[in-house]
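Whatever order the structure lists ligands and atoms in, that order sets their numbers, starting from 1.
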Amino acid sequence: MNAPRLEIDLVKLGHNARTLVNLLSHHGISVSAVTKGVLGRPDVARELLKAGVTGLADSRIENIQTLHFAGVVAPMTLIRSPMVSQAALVVRHADFSLNTELDVISELSKAAQSAGRSHGVLLMVELGDLREGIMPGDLENVVRRVLCFPNITLRGIGTNLACRSGVVPDAVNMGELSRLADAIDATFGPVLSVISGGNSSNLEWALGGGDTGRINNLRLGEAILLGCQPLHRRPIEGLHTDVFSLVAEVIEAGSKPSRPWGDIAETAFGAAPPEEKHTSDPNGTISQAILALGEMDVDPAGLTPPQGIDILGSSSDHLVVDAGQTGLKVGAEVAFQVNYSALIRAMASPFVTKLANSVPYPNSFDAFPQKRPAASEGRSFTPV
Ligand SMILES: *Cc1c(COP(=O)(O)O)cnc(C)c1O
């Protein structure tokens, strides 16, 4: 079988999504499943929809386009503020987008008018993480303007925490979002139907038993995909943390000294050479193996090896491990667990074959052998 390959267990993924949808439904919170971690894979999206998520969300319009072309039918939200240069693509493929800039909304309005469509806008509010968001004091004025744009419907407001600065969603900032929603509705009549409180890092707050106020939606990626809450990267009880595994093949194996020799400067990626913390005998030899896997394929720092194997170092194309007592031989395969960073790099690498429940999915290398669409058309999709 091809290696390296990323194996996706759709059954476990469906279980994670269903569990979170059920838990949050008791708090009146719907789930928009975020598909950016899997590049908008249609088979994953279908599993998520079967599990009861109310819509799909992605940061890249190209991924939403992939879903659209594959015939996946669901409300689609672009969760990164649209590029002006992609306004037409956004109104064509996404039903809603998260926005912070009137200039962008103006372009969406024009594009929606030419396409004879209506586009839904959620305004993102800055609540401390200092990534995207309108300052709370400016929200009312922005809403007033948004309500005037032709072919634009104000759908709601939202916020995003714990991404750039690690600000924890709590009763204070979530309470402020609820109060802002009340204030906007009080001024303009009931105009906000969706109050989207955040991402996977909101789960502790949402399920903690406190009042969730007006928040009625979360956008969940990592919690569904990896069964993990990102605030402290702890597994979430009842969820699978092994939906994905990355399998790589051994291309060299044998005894080698544990210490390099010669003058030592920077390594291929600039870092100081690693200490020999993993080796049982720093002056002796170890059972070293090299896997055909590297920075081109994955974030090596985000890999967890199986018991008995330690990662020693990596470069573009090689992952060096201490094989311990495992007796790894050339041609053998090793399966790693991935964190979010390793997952997205592996998904985006054309060198990594993706297999969902043993069904291959085209890599960008072999997906579209006949015709490569122009960049402006985005990607086409052939159902598998
Ligand atoms: C990526 C992203 C999410 C999902 O985050 P997870 O931590 O994977 O749940 C939600 N909202 C926005 C705006 C995002 O960019």
The criterion is side chain to side chain donor-acceptor pair (under 3.5 Å); which residues satisfy it with D95, sequence neighbours excluded?
none
Would you say the side chain of P169 lies within less than 4.5 Å of the side chain of L231, judging by non-hydrogen atoms?
yes
Per the under 4.0 Å non-hydrogen criterion, ligand 1 touches V34, K36, I79, R131, E132, N160, N199, S200, R219, L220, G221, E222
Under the ring pair (Phe, Tyr, Trp, His ring centres under 6.0 Å) definition, can you give me all pairs with a residue in residues 231-255, not counting sequence neighbours?
H15-H240
Got a sec, which residues hit side-chain contact (heavy atoms from CB on, under 4.5 Å) with T326, two or more places apart in sequence or on another chain?
I309, A323, L328
Pick out which of L192, T100, L180, L154 makes a side-chain contact (heavy atoms from CB on, under 4.5 Å) with L123.
L154
May I ask you to check whether over 12 heavy atoms, not counting those of R144, lie within 6.0 Å of atom CZ?
yes
